[in-house]
Amino acid sequence: MSSNPLLVLIFQRILLGFVLLFAISALLFVGIEILPGDFAQAYLGQSATPEAVANIRKELGLDAPLLQRYLGWLGGVLQGDFGTSWANKVSVSEQIGKRLGNTLFLAFWAAVVSVPLAIGLGMIAVHYRNRFIDRLINIVSLAAISLPEFFTGYLLILFFAVNWGVAVFPATVFADMAFTDRLAAIVLPCATLVLVVLAHMMRMTRAAILNIMSSAYIETAELKGMNAFRIIAKHAAPNAIAPIINVVALNLAYLVVGVVVVEVIFVYPGMGQYLVDAVTIRDMPVVQACGLVFAAVYIILNMVADVLGILANPRLRHPK
């Protein structure tokens, strides 16, 4: 491995990802622990006696030292056990399995729409650079990226669900729901996520391709009389793939991690809604589990982006 810089770099990225995830788990556990307030007191109410509060803390294991509780929690996580919800005594792992599936379903369809659309619009903007279509795409994308998710979501609800009645609200899904009904339910939250990430991916795609367009081989293709859009699609875009992969992966990570606001707005039963509900009642096992899952998804997608970026670099694939 030491003689191959490609494998060394990939191994370093993967190792760094695991180290970072371990550090985040510790910060997450300690950070939640030092937050003001107490679940036992909130659960029993302000009129609870100190003895009753102490009994609840003992029952939940909160009287044990911090390090002992962290190592016990981490050991369970490594075995796929996130513990039991303090609020309803239900397995957190089972609940996360259901909720994560809903979140990934929403993020998947948002990615299916936004990624090809962003790359296509980026290529069109390059083809018509500095002309009306390019300026129009840039103005619309800047407007879209400037609006916060909650504002975009409420606008879509107002027009498509309330005024015109052509979309479903709230976005409720359940286990035995038909696939077409599930798709219909996520139209508005999916559209909100697409509008949020589309502009960033499109602008970065445009910038990456424009950077390649100044290369000598592009000028040679132009001198040969090749069609301008064919030059962009066949020669410029494939060579700009590394930065495009990175920005797509970052936005895919956001689609999964950044759905909290969107899920709350549309009352969608995903990880974000589950996290907000747990924070409200200080259900710490759920908060810790959701935080760690979000961190893991973000780190893994960034790790994948790094590895794909390395593999897309011809100087690393074919070292001299």
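Met271 places a side-chain heavy atom less than 4.5 Å from the side chain of Ile96. Taking the side chain as every heavy atom from C-beta outward, Tyr268 and Val262 never approach each other to under 4.5 Å. You'll find the side chain of Leu156 stays beyond 4.5 Å of the side chain of Val187, heavy atoms only. Within the 4.5 Å cutoff, no side-chain heavy atoms of Gln95 are placed close to those of Ser85.
Considering CG of Leu275 and CG of Asp283, their distance stands at 11.0 Å, rounded to 0.5 Å. Of the inter-residue distances, the one linking Thr152 atom OG1 with Leu155 atom CG reads 6.5 Å to the nearest 0.5 angstrom. Ile119 contributes atom CD1, which lies 12.5 Å from atom CE of Met202 (distance to the nearest 0.5 angstrom). Note: Leu252 CG to Phe108 CZ = 11.0 Å, rounded to the nearest 0.5 Å. Distance check, rounded to the nearest 0.5 Å: CG of Leu121 to CD1 of Ile124 gives 5.5 Å.
Closest non-hydrogen pair, Leu106 versus Cys190, comes out as CD1-N, 3.7 Å. Ala278 and Val286 get closest at one heavy-atom pair: CB-CG1, 3.3 Å.
Tracing side-chain contacts under 4.5 Å through hydrophobic residues (I, L, V, M, F, W, Y), one never reaches Trp109 starting from Val267; they form parts of separate clusters. If you chain together hydrophobic residues whose side chains sit under 4.5 Å apart, Phe29 and Phe18 fall into the same group. In the hydrophobic clustering of ILVMFWY residues, with side-chain heavy atoms under 4.5 Å counting as a link, Phe105 and Val197 come out together. Leu117 and Ile137 fall within a single hydrophobic cluster, where Ile, Leu, Val, Met, Phe, Trp and Tyr side chains are chained together by heavy-atom contacts under 4.5 Å. Note: the hydrophobic cluster containing Val168 does not contain Val113 (ILVMFWY, side chain heavy atoms under 4.5 Å, direct or indirect links).
Side-chain atoms of Arg206 do not come within 3.5 Å of backbone N or O of Met123 as any donor-acceptor pair.
Among residues two or more places apart in sequence or in another chain, the side-chain contact (heavy atoms from CB on, under 4.5 Å) test is passed with Val162 by Ile157. For Asn138, the side-chain hydrogen bond (donor to acceptor under 3.5 Å, both in side chains) partners two or more places apart in sequence, or in a different chain, are Asp134, Arg203. Residues satisfying the salt bridge (charged side-chain N to carboxylate O under 4.0 Å, His left out) test with Arg99, not counting sequence neighbours, are none. The side-chain hydrogen bond (donor to acceptor under 3.5 Å, both in side chains) check on Thr103 picks up Glu263, with sequence neighbours excluded. With sequence neighbours left out, the side-chain hydrogen bond (donor to acceptor under 3.5 Å, both in side chains) criterion links Gln273 to Asp277. Partners of His127 according to the side-chain hydrogen bond (donor to acceptor under 3.5 Å, both in side chains) rule, which considers only residues two or more places apart in sequence or in another chain, do not exist here. The side-chain contact (heavy atoms from CB on, under 4.5 Å) check on Leu104 picks up Leu100, Val256, with sequence neighbours excluded. Applying the ring-ring contact (aromatic ring centres under 6.0 Å, His included) criterion to Phe159, with sequence neighbours excluded, gives Trp164.
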Please step through side chain to side chain contact (heavy atoms under 4.5 Å, CB included) for the pair Asn163 and Leu158, ending with a clear verdict. CA-CA 6 Å; Asn163 291 348; Leu158 175 63; 4.0 Å; yes
Listing, residues 65-84 side-chain donor-acceptor contacts under 3.5 Å, not counting sequence neighbours, or none:
{"unit_1": "Arg69", "atom_1": "NE", "unit_2": "Ala64", "atom_2": "O", "d": "3.0"}
{"unit_1": "Arg69", "atom_1": "NH1", "unit_2": "Glu33", "atom_2": "OE1", "d": "3.0"}
{"unit_1": "Arg69", "atom_1": "NH1", "unit_2": "Glu33", "atom_2": "OE2", "d": "3.1"}
{"unit_1": "Arg69", "atom_1": "NH2", "unit_2": "Glu33", "atom_2": "OE2", "d": "2.9"}
{"unit_1": "Tyr70", "atom_1": "OH", "unit_2": "Ser25", "atom_2": "OG", "d": "2.9"}
{"unit_1": "Gln79", "atom_1": "NE2", "unit_2": "Gly75", "atom_2": "O", "d": "3.4"}
{"unit_1": "Asp81", "atom_1": "OD1", "unit_2": "Gly83", "atom_2": "N", "d": "2.9"}

Identify all side-chain donor-acceptor contacts of residues 169-183 below 3.5 Å with residues at least two apart in sequence or on another chain.
{"unit_1": "Arg182", "atom_1": "NH1", "unit_2": "Asn102", "atom_2": "OD1", "d": "3.3"}
{"unit_1": "Arg182", "atom_1": "NH2", "unit_2": "Phe174", "atom_2": "O", "d": "2.8"}

Identify all side-chain donor-acceptor contacts of residues 287-305 below 3.5 Å with residues at least two apart in sequence or on another chain.
{"unit_1": "Asn302", "atom_1": "ND2", "unit_2": "Tyr298", "atom_2": "O", "d": "2.7"}

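Under a cut-off of 6.0 angstrom, the local environment of CZ in Phe160 is sparse, with at most 12 non-hydrogen atoms contributed by other residues, nucleotides or ligands.
Note on residues 49-68: no pairs pass ring pair (Phe, Tyr, Trp, His ring centres under 6.0 Å), not counting sequence neighbours.
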